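Each remark here refers to the structure printed beneath this line.
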Amino acid sequence: MGLFINSLGVSIITKADLGTSPISSIPYVLSLNFDFTLGEFTIFFSLLLIVLQIIMLRKKFKAEQLLQIPISILFGYFIDLTMIMPDFMNPESYAIKLVSLIIGCIVLGFGVYVEVLANVAMLPGESFVRAVTMTVKSADFGVTKVIFDVSMTVIAAALSFIFAKQLDGFREGTIIAAILVGFIAKLFGKALAPLKTKLFTKRAPKKA
């Protein structure tokens with residue numbers, strides 16, 4: 001569920017036409033300059049993040065985390081699918097674009113929260129952030145997520161200048177999403193904290 005919600009959030013943000021989401025900013029810039037779709041470049045980028053996790057965590061990287069590979073492939077195709085689904089949503093006025101952007105950030109933030117709540121195999125972007133928090137014990141997931149997103153936007157901007165000689169696919173919406181999504185995920189975590197207990201707390205068996 002989190003996987004599909006995330007892809008929908010990315011598509012809504014991209015359709016707002018104010019720049020794409022931070023985690024998709026690098027794949028999006030590359031998709032504008034090469035013959036691969038946003039979803040396909042997302043898969044390639046995700047595989048790179050998995051390799052970085054293995055290097056960072058070493059023995060702490062569990063075999064079950066390799067589930068990120070099929071998840072990344074599915075997520076990439078979900079993005080291409082959801083980019084088609086909201087095809088009717090092409091806002092023209094700046095105000096509607098901004099509203100669409102905020103809605104996309106909320107959807108994406110909720111998707112990130114659902115992934116963290118499930119605590120199984122997350123998307124490589126969130127798994128990479130979690131790997132950092134595991135390595136740096138004092139790091140907070142929400143704050144680290146914001147730092148990671150901002151870093152992605154800076155790299156995307158640099159790639160845009162290298163390949164297109166301009167900020168192509170990178171706008172103020174990317175910066176807004178970079179700041180908002182991590183904090184929105186954190187707010188969902190606090191507001192829905194009792195949900196985790198209800199869903200995942202093991203109950204002692206009743207005595208006969």
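Being a predicted model, the structure only gives us computed values, none of them experimental.
- Applying the salt bridge (charged side-chain N to carboxylate O under 4.0 Å, His left out) test to pairs two or more places apart or on separate chains, those with a residue in residues 93-107 are Asp17-Lys97.
- With sequence neighbours left out, Lys59 forms a side chain to side chain contact (heavy atoms under 4.5 Å, CB included) with no residue at all.
- The two atoms that bring Thr133 and Arg130 nearest to each other are OG1-O, 2.6 Å, heavy atoms only.
- Connection of Phe163 to Phe44 is established within a shared hydrophobic cluster, with ILVMFWY side chains joined at heavy-atom distances below 4.5 Å, either directly or through further cluster members.
- Taking both residues in full, the closest heavy atoms of Ala185 and Tyr113 are given as O-CB, 4.1 Å, listed atom of the first, atom of the second, then distance.
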Contacts table for residues 98-105: side-chain donor-acceptor under 3.5 angstrom, sequence neighbours left out:
| from | atom 1 | to | atom 2 | distance (Å) |
| --- | --- | --- | --- | --- |
| Ser100 | OG | Ile96 | O | 2.9 |

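- Shown here are the side chain to side chain contact (heavy atoms under 4.5 Å, CB included) partners of Ile179, two or more places apart in sequence or in another chain: Ile175.
- Residue pairs satisfying the salt bridge (charged side-chain N to carboxylate O under 4.0 Å, His left out) criterion with at least one member in residues 43-55, sequence neighbours excluded, are absent.
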Requested in this report: Let me see the working for Phe148 and Leu49 under side chain to side chain contact (heavy atoms under 4.5 Å, CB included), right down to the final yes or no.
Outcome: CA-CA 12 Å; Phe148 174 75; Leu49 290 178; 4.2 Å; yes
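- Ile12 places none of its side-chain heavy atoms less than 4.5 Å from the side chain of Lys15.
- Val112 approaches Asn6 most closely through the heavy-atom pair N-OD1, 3.4 Å.
- Between Tyr28 and Phe41, the distance from one ring center to the other does not fall under 6.0 angstrom.
- Phe188 meets the ring-ring contact (aromatic ring centres under 6.0 Å, His included) test with Phe110; sequence neighbours excluded.
- In terms of the side-chain hydrogen bond (donor to acceptor under 3.5 Å, both in side chains) criterion, residue partners of Gln53 (sequence neighbours excluded) are, by chain and number, Gln68.
- The closest donor-acceptor contact from the side chain of Thr42 to the backbone of Leu38 lies under 3.5 Å.
- Remark: Thr20 engages Thr14 in a side-chain hydrogen bond (donor to acceptor under 3.5 Å, both in side chains) (not counting sequence neighbours).
- Under the salt bridge (charged side-chain N to carboxylate O under 4.0 Å, His left out) criterion, the residue pairs touching residues 171-188 are Asp140-Lys186, with sequence neighbours excluded.
- One hydrophobic cluster, built from ILVMFWY side chains closer than 4.5 Å, cannot hold both Ile54 and Val129; they sit in different ones.
- Asn33 is linked by a side-chain hydrogen bond (donor to acceptor under 3.5 Å, both in side chains) to nothing, counting only residues two or more places apart in sequence or in another chain.
- In the hydrophobic clustering of this structure, Val10 groups with Met83; members are Ile, Leu, Val, Met, Phe, Trp, Tyr whose side-chain heavy atoms approach within less than 4.5 Å, directly or through other members.
- The stretch residues 62-81 participates, sequence neighbours left out, in these ring pair (Phe, Tyr, Trp, His ring centres under 6.0 Å) pairs: Phe4-Phe78.
- Residues passing the side-chain hydrogen bond (donor to acceptor under 3.5 Å, both in side chains) test with Ser72, sequence neighbours excluded: none.
- Panel note: side chain Thr153, backbone Val150; a donor-acceptor pair is recorded below 3.5 Å.
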